[in-house]
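Working notes for the structure below.
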Amino acid sequence: MSGGAGGPSCLETNDWICGEYLRTRSQELVDATVQHIGITAVSVAIGLLIAFPLALAARRWRGAAGPVLGLTTVLYTVPSLAMFALLTPVFGVSASVVVTGLVLYSLTILVRNILAGLTAVPAEVREAARGMGYGPARLLYEVELPLALPALVAGLRIATVSTVAMTTIGSVVGYGGLGNLIASGMEGFFKAEVLTASVLCVLLALLADLLLMGLQRLLTPWTRAQARAKARARRGVRVAKAVG
């Protein structure tokens, strides 16, 4: 914190918590946060657009499941610094390097969760829909996807939170959002910069997870009804045992 009247400021004493830092570097913090959010959002969105058809292909053709899951798993094992180094000759030193790397990392989580959600749809539900005249596209978008949403959103939450964290590694090419501030702060041991950027990164991850959790609850109201029904059933069993 800032010192008393005539005393050294918190910037001069290099305190971890420093209101003066927030006041004097507010625009820098805003710019880094906006970049962080933008890179994360674009990476997850592109990852979802690629993961969805890959999951459909893996479900449709059994021979494709092994290669698709295997390739995405292998990509996830590549260290982030090595991944960005491999992509830099292709995209140059740009945000595209970071976005492409994060997209590749997100595929492992997204493909597996989408595939798990689709394969968990009961066969009798599919047969009933086909019996009602549902074609493949209508069956997918009106029956299977709604039932697969809990698994899909769960994967999206994990992918988003991990992408928020991994975006910081983009500081190696100058496009790491809050990671740029963490890196520069560590280099000069600027305590307020390191702590503030780190806290903002954690808050972004928590906020993104809460927003996606709310989206899941909004899109799947039947899951709450099922949970309430199960809770009532459990209470009924306990009451019956107590009476018996």
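Note that the structure is predicted; figures quoted are calculated from it, not measured.
Looking at heavy atoms from C-beta onward, Asn113 lies out of side-chain contact with Leu152 at the 4.5 angstrom threshold. Using a 4.5 Å heavy-atom cutoff, the side chains of Met83 and Ile169 are not in contact. Between Leu204 and Leu178, some side-chain heavy-atom pair lies under the 4.5 Å cut-off. Side-chain contact between Val42 and Val103 is absent, with no heavy-atom pair separated by less than 4.5 Å. Side-chain atoms of Val172 and Leu81, non-hydrogen and from C-beta on, do get closer than 4.5 Å to each other. Taking the side chain as every heavy atom from C-beta outward, Thr100 and Phe91 approach each other to under 4.5 Å. Using a 4.5 Å heavy-atom cutoff, the side chains of Thr168 and His36 are in contact. Here the side chains of Leu203 and Leu207 are not in contact, with every heavy-atom distance at 4.5 Å or above.
Pairing each heavy atom of Ala57 with each of Ala64, the nearest pair is O-CB, 3.9 Å. For the pair Gly63 and Pro67, the tightest heavy-atom approach, listed with the atom from each and the gap, is O-CD, 3.1 Å. Of all heavy-atom pairs spanning Leu110 and Ala51, the tightest one is CB-CB, 3.6 Å. The shortest heavy-atom contact between Ser171 and Ala183 is OG-CB, 3.9 Å.
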- Message: Please evaluate residues Phe84 and Val98 with respect to the criterion side-chain contact (heavy atoms from CB on, under 4.5 Å), reporting the C-alpha separation (whole Å), side-chain torsions for both, the decisive distance (0.1 Å), and the verdict.
- Response: CA-CA 7 Å; Phe84 293 159; Val98 182; 4.3 Å; yes

- Item | Working for side-chain contact (heavy atoms from CB on, under 4.5 Å), residues Ile39 and Leu102 | CA-CA 9 Å; Ile39 290 174; Leu102 295 176; 3.7 Å; yes

- Task: List the steps and the verdict of salt bridge (charged side-chain N to carboxylate O under 4.0 Å, His left out) for Arg59 and Glu144.
- Result: CA-CA 12 Å; Arg59 188 190 62 155; Glu144 293 178 313; 2.7 Å; yes

- Would you check, one step at a time, whether the test side-chain contact (heavy atoms from CB on, under 4.5 Å) holds for Val153 with Leu215? CA-CA 8 Å; Val153 177; Leu215 179 63; 5.7 Å; no

- Message: Show, in sequence, the C-alpha distance, side-chain angles and deciding distance for Glu28 and Leu181, and conclude whether the side-chain contact (heavy atoms from CB on, under 4.5 Å) test is met.
- Response: CA-CA 9 Å; Glu28 184 180 48; Leu181 300 183; 3.8 Å; yes

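With hydrophobic clusters built from ILVMFWY side chains whose heavy atoms lie under 4.5 angstrom apart, Val97 shares a cluster with Val99. A continuous path of hydrophobic side-chain contacts links Leu71 to Leu115 [ILVMFWY only; heavy atoms under 4.5 Å]. Under the 4.5 Å side-chain heavy-atom criterion for ILVMFWY residues, no single connected hydrophobic cluster contains both Ile46 and Ile114. No continuous path of ILVMFWY side-chain contacts below 4.5 Å connects Val111 to Leu48, so the two sit in separate hydrophobic clusters. Under the 4.5 Å side-chain heavy-atom criterion for ILVMFWY residues, no single connected hydrophobic cluster contains both Ile182 and Val30.
A distance of 5.5 Å separates CG in Leu104 from CG in Leu75, rounded to the nearest 0.5 Å. Atoms CG and OG1, on Leu107 and Thr73 in that order, are 10.5 Å from each other to the nearest 0.5 Å. Here the straight-line distance linking atom CG of Leu147 with atom CD of Glu142 works out to 12.0 Å at 0.5 Å rounding. How far CG of Leu118 is from CG of Leu145: 6.0 Å, rounded to the nearest 0.5 Å. Separating the CD1 atom in Ile50 from the OG atom in Ser106 is a distance of 7.5 Å, to the nearest 0.5 Å. Between Ile17 atom CD1 and Leu22 atom CG the span is 10.0 Å, to the nearest 0.5 Å.
For the 3.5 Å distance criterion, the side chains of Gln35 and Asp31 fail to qualify, holding no donor opposite an acceptor. Side-chain atoms of Thr72 and Arg112 include no donor-acceptor pair closer than 3.5 Å. Ser43 and Thr163 are not linked by any side-chain donor-acceptor pair at a separation below 3.5 angstrom, with hydrogens and angles left out of the test.
Between the Thr40 side chain and the Ile37 main chain, no donor and acceptor come within less than 3.5 Å of each other. At least one donor-acceptor pair under 3.5 Å links the side chain of Asn180 to the backbone N or O of Gly176. Thr196 places no side-chain N or O within 3.5 Å of a backbone atom of Glu193 that could act as its donor or acceptor partner.
Within a 6.0 Å radius of OH in Tyr76, no more than 12 heavy atoms belonging to other residues, nucleotides or ligands are found. The environment of Met186 atom CE is sparse: at most 12 non-hydrogen atoms of other residues, nucleotides or ligands sit within 6.0 angstrom. Heavy atoms from other residues, nucleotides or ligands lying under 6.0 Å from CD of Glu187 number 12 at most. Environment of CH2 in Trp16: crowded, with over 12 heavy atoms of neighbouring residues, nucleotides or ligands closer than 6.0 Å.
Judged by the 6.0 Å and 45° rule, Arg130 forms no cation-pi pair with Tyr134.
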